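Naming: A, B, ... by sequence-line order, numbering from 1 per chain. Just so it is clear, the structure is predicted and the values come from calculations on it, not from any experiment.
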Amino acid sequence: MASTAGTAPVTTAPASDDSSRRRGLTGYVLLVPGVVWLALFFVIPFYSLVATSLYDPGGSVFSGYEMSYQFSNYWHAIQDYWEPLLRSLWYAGLATLICLVLGYVLAYAIAFKAGRWKNLMLVLVIAPFFTSFLVRTLSWKLILADGGLIVNSLQAVHLLGPDGRLLATPFAVICGIVYNFLPFMVLPLFASIDKIDHRLIEASSDLYANPFVGFWKVTWPLSLPGVVSGTLLTFIPAAGDYINAQLLGSPNQRMVGNVIQNLFTQANDYPAAGALSMILMILIVAMVLFYVRRAGTEELL
Amino acid sequence: MRWLRDHLVLILGILILLYTFVPIFVVVLMSFNDPSSKLIYRFDGFTLHNWLNPCEPEGMCHALGTSIQISLLATIGSTILGTLMAFALVRHDFLGRSSMNLLIFLPMATPEIVMGSSLLALFVAAGFAGQLGFWTILIAHVMFCLSFVVVTVRARLAGMDDNLEQAAMDLYATPRQTFWRITFPLVFPGILGAALLSFSLSFDDFIVTNLNAGNTTTFPMYVWGVAQRGIPMQVNVIGTLMFMVSVLIVVGSEVNSRRRTAKLATR
């Protein structure tokens, strides 16, 4: 960092931070345990996953697999499971969009309208999520159950047919995903919106922008970093989730997570499961890169 | 009408908050449920039975115990490793900083199902397929909690004013004294927050755990299992307890920090 030291006084805090960093062995010593752990149990496993996805599908967990660079595993996985794969992306995308709308309203209300209740409201956003994910999802199952309050009232106003149901429909699964991942959206959005200088919004209204134009031209663009990280933090886990699909859906709402989990634990078809896992990862990475490029927020990492 | 227009966003926000609490009300309510049949999951009548006999369902408290053990150990492990890394990232210079940032970011951006299945692929390839259980779950949990610890502690460290440390050094404190009397107490809230986050991530994890658990059953796995057969109401007792304990911790730390700021202000 010696080259930046000369310019440090001109620029602000982050650059001068660099020059105050100590050099020497200590830094490496502090890093080693964590890096070794991540290398052993995150990076190398990823390599095993790639290897597994290329094994000869003729083997089994017990007799062992042979490495035969079976790229056809990928092709077969797509042929057999394109439906749950697409469904995962579609459900996750739709849920992310709904989360964005709900989360934006909530984050905006906390940041700008809550006044001295700001901290309390922020705690209340996270509080429900201290209960187990599965227990919460099961309680949605009860709320949306046939003959339950919601289904009965929807039937009474004829929004739902007499034998219509909510459980085991895409609606229930998407609702569950929206519910479970909402805080991942609200917190980054709040962080972004809370930083916006209120005077900018006042200035826009002084210049005769109506509130909607003011929002669209000032607040929304300034909150974009929060929108990008919030949507990513919601979309990525949602696309891999299968708890909601399993507990609130039927086999018709099977997502790719259900399939991978079944292939690994029940069918013991490791090559297919590995290939499907890799396909999911590749799709997500591609979408994320494309999205971050388009949204133009490179400082995300 | 004007009042409504001014407060519309706040009202909508509060409604959304209320919506997030709906399942919690149901969990609390169902913890007092007296079910008439094991198969139909609905509120049939009030009873204290579930609260007085929390460990009645076979295997539930054992699974809960396993979960608590794993989460405690995973929290200790990931908090120590992650705090060391955060100090290195903020305070020390080293080669490969950007790849280090990537290495820390990636586990948070990988879907759990991919992380879990790759770890399983490794364990199987290394010949541990028969030994999946407590230790493999623990390894996995330390791995995925680590990044969250680094990010949380790093934020605390980076936002810290280093004038106090400079002052301590100027007053002839040794580096060791400076660290333990000044730096560590200042970073401690960040470390504590990271530890709490780790504990709840680890305690609540299902997807990664389920793939690497072998025959061991954690609490989320127990709930998953009974979800197919009929849910004992005691699950809701545990859910309610978890909610209450975490709210107490959050409120307690909030009150504590307010009291401390108030004390500082009156001095």
Side-chain angles (χ1 to χ4, degrees), chain A residues 1 21-23 26-28 30-31 33-35 37-38 41-42 44-46 48-49 51-52 61 102 105-106 108-110 113-114 121 123-125 127-128 130-136 138-140 142-143 182 236-237 239-240 243 247 257 260-261 264-265 270 273-274 277 280-281 284 301, chain B residues 9-10 12-13 16-17 20-24 26-27 30 41-42 81-82 84-85 87-88 91-94 101-103 105 107 109-114 117-122 124-125 129 139-140 142-143 146 200 204 206 210-211 219-220 223-224 227 231 235-236 239 242-243 246-247 250:
Chain A
M1 298 291 141
R21 286 203 185 110
R22 272 164 252 160
R23 287 192 222 162
T26 327
Y28 294 97
L30 293 175
L31 280 174
V35 170
W37 200 280
L38 285 180
F41 303 119
F42 180 73
I44 296 179
F46 206 73
S48 331
L49 183 68
T52 305
V61 191
L102 295 179
V105 172
L106 185 51
Y108 188 93
I110 298 175
K113 307 282 177 185
M121 275 181 86
V123 171
L124 290 181
V125 169
F130 288 137
T131 320
S132 163
F133 189 105
L134 284 155
V135 174
R136 266 181 281 131
L138 282 175
S139 100
W140 275 114
L142 179 68
I143 297 165
L182 190 59
I236 295 171
I243 296 173
L247 296 181
I260 298 175
Q261 140 90 16
F264 267 123
T265 56
Y270 280 47
S277 239
L280 176 67
M281 189 66 201
I284 286 179
L301 308 185
Chain B
V9 180
L10 188 59
L12 285 177
I16 296 171
L17 264 188
T20 66
F21 274 87
V22 171
I24 304 299
V26 173
V27 170
M30 293 308 276
Y41 192 46
R42 62 155 189 249
L81 295 183
L84 294 180
M85 285 179 96
F87 267 96
R91 293 294 175 86
H92 295 274
D93 206 14
F94 54 88
N101 282 329
L102 190 67
L103 181 66
F105 173 77
T110 308
E112 279 194 70
I113 184 86
V114 177
S117 51
S118 52
L119 208 50
L120 176 62
L122 172 75
V124 170
I139 286 173
V142 172
M143 183 270 291
L146 190 54
S200 69
D204 208 18
F206 175 73
N210 191 35
L211 283 169
F219 181 67
V223 177
W224 178 264
I231 305 149
V235 164
N236 294 302
M242 279 168 71
F243 177 71
S246 358
V247 168
V250 171

I need the B:Asn236 CG to A:Leu138 CG distance, nearest 0.5 Å. 8.5 Å
Of the listed residues (A:Ser48, A:Pro237, A:Ala239), which shares the most heavy-atom pairs with chain B below a 4.5 Å separation? A:Ser48
Heavy-atom distance under 4.5 Å to chain B: side chain of A:Leu102, backbone, both or neither? both
Do B:Asp204 and A:Arg136 have side chains that get closer than 4.5 Å, going by heavy atoms? yes
With chain B, which of A:Gly27, A:Gly34, A:Ala273, A:Pro128 has the greatest number of heavy-atom pairs at distances under 4.5 Å? A:Pro128
Heavy-atom pair of closest approach, residues A:Leu247 and B:Ala227: CD2-CB, 3.8 Å
For B:Val26 versus A:Ser139, what's the shortest heavy-atom pair and its separation? CG1-CB, 3.8 Å
Would B:Leu120 and A:Tyr270 satisfy side chain to side chain contact (heavy atoms under 4.5 Å, CB included), going step by step from the backbone distance to the final call? CA-CA 10 Å; B:Leu120 176 62; A:Tyr270 280 47; 3.9 Å; yes
Measuring heavy-atom distances to chain A, does B:Ser200 have an atom under 4.5 Å in its side chain, in its backbone, in both, or in neither? neither
Using side chain to side chain contact (heavy atoms under 4.5 Å, CB included), reason through A:Phe46 and B:Val114 one step at a time and then give a plain yes or no. CA-CA 9 Å; A:Phe46 206 73; B:Val114 177; 4.1 Å; yes
Compare every heavy atom of A:Leu31 with every heavy atom of B:Ala88, then report the nearest pair and how far apart it is. CB-CG, 3.6 Å
For B:Leu146, which atoms come within 4.5 Å of any heavy atom of chain A: side chain, backbone, both, or neither? side chain
Are any non-hydrogen side-chain atoms of B:Met85 and A:Val35 less than 4.5 angstrom apart? yes
By a 4.5 Å heavy-atom criterion (distance strictly below it), what part of B:Val250 contacts chain A: side chain, backbone, both, or neither? side chain
Contacting moiety of B:Phe206, where chain A heavy atoms sit under 4.5 Å: side chain
Within this structure, what is the CZ-CZ distance for the pair B:Phe243 and A:Phe130, rounded to the nearest 0.5 Å? 8.5 Å
If you tally heavy-atom pairs under 4.5 Å against chain B, which of A:Ala127, A:Ser132, A:Pro33 wins? A:Ser132
Working to the nearest 0.5 angstrom, can you tell me the gap between B:Leu122 CG and A:Ile44 CD1? 7.0 Å
Between A:Leu182 and chain B, which part of the residue has a heavy atom less than 4.5 Å away: side chain, backbone, both or neither? side chain
Interatomic distance, B:Ile113 atom CD1 to A:Ile243 atom CD1 [nearest 0.5 angstrom]: 9.5 Å
Specify the closest pair of heavy atoms between A:Pro45 and B:Leu119, including all atoms of both residues, with the distance to one decimal. CG-CD1, 3.5 Å
Top of B:Asn210, B:Val247, B:Val235, B:Leu10 for chain A proximity - count of heavy-atom pairs under 4.5 angstrom: B:Leu10
Who wins among B:Pro220, B:Pro107, B:Ala109 for the most heavy-atom pairs under 4.5 Å with chain A? B:Pro107
Contact check, side chains of A:Thr26 and B:Phe87, non-hydrogen atoms, under 4.5 Å: no
Counting heavy-atom pairs under 4.5 angstrom with chain A, the leader among B:Gly13, B:Ser246, B:Ala125 is B:Ser246
Identify which of A:Phe133, A:Phe264, A:Tyr108 forms the greatest number of heavy-atom pairs closer than 4.5 Å to chain B. A:Phe264
Out of A:Thr52, A:Thr265, A:Val105, return the one with the most heavy atom pairs under 4.5 angstrom to chain B. A:Val105
Can you name the closest pair of heavy atoms from B:Met143 and A:Phe42 and give their distance? SD-CD1, 3.9 Å
What residue in B:Ser118, B:Gly82, B:Ser117 has the most heavy-atom pairs under 4.5 Å with chain A? B:Ser118
Most contact-rich option vs chain B, by heavy-atom pairs under 4.5 angstrom, among A:Val125, A:Leu124, A:Ile260, is A:Leu124
Among B:Leu81, B:Leu211, B:Val223, which residue forms the greatest number of heavy-atom pairs with chain A at distances under 4.5 Å? B:Leu81
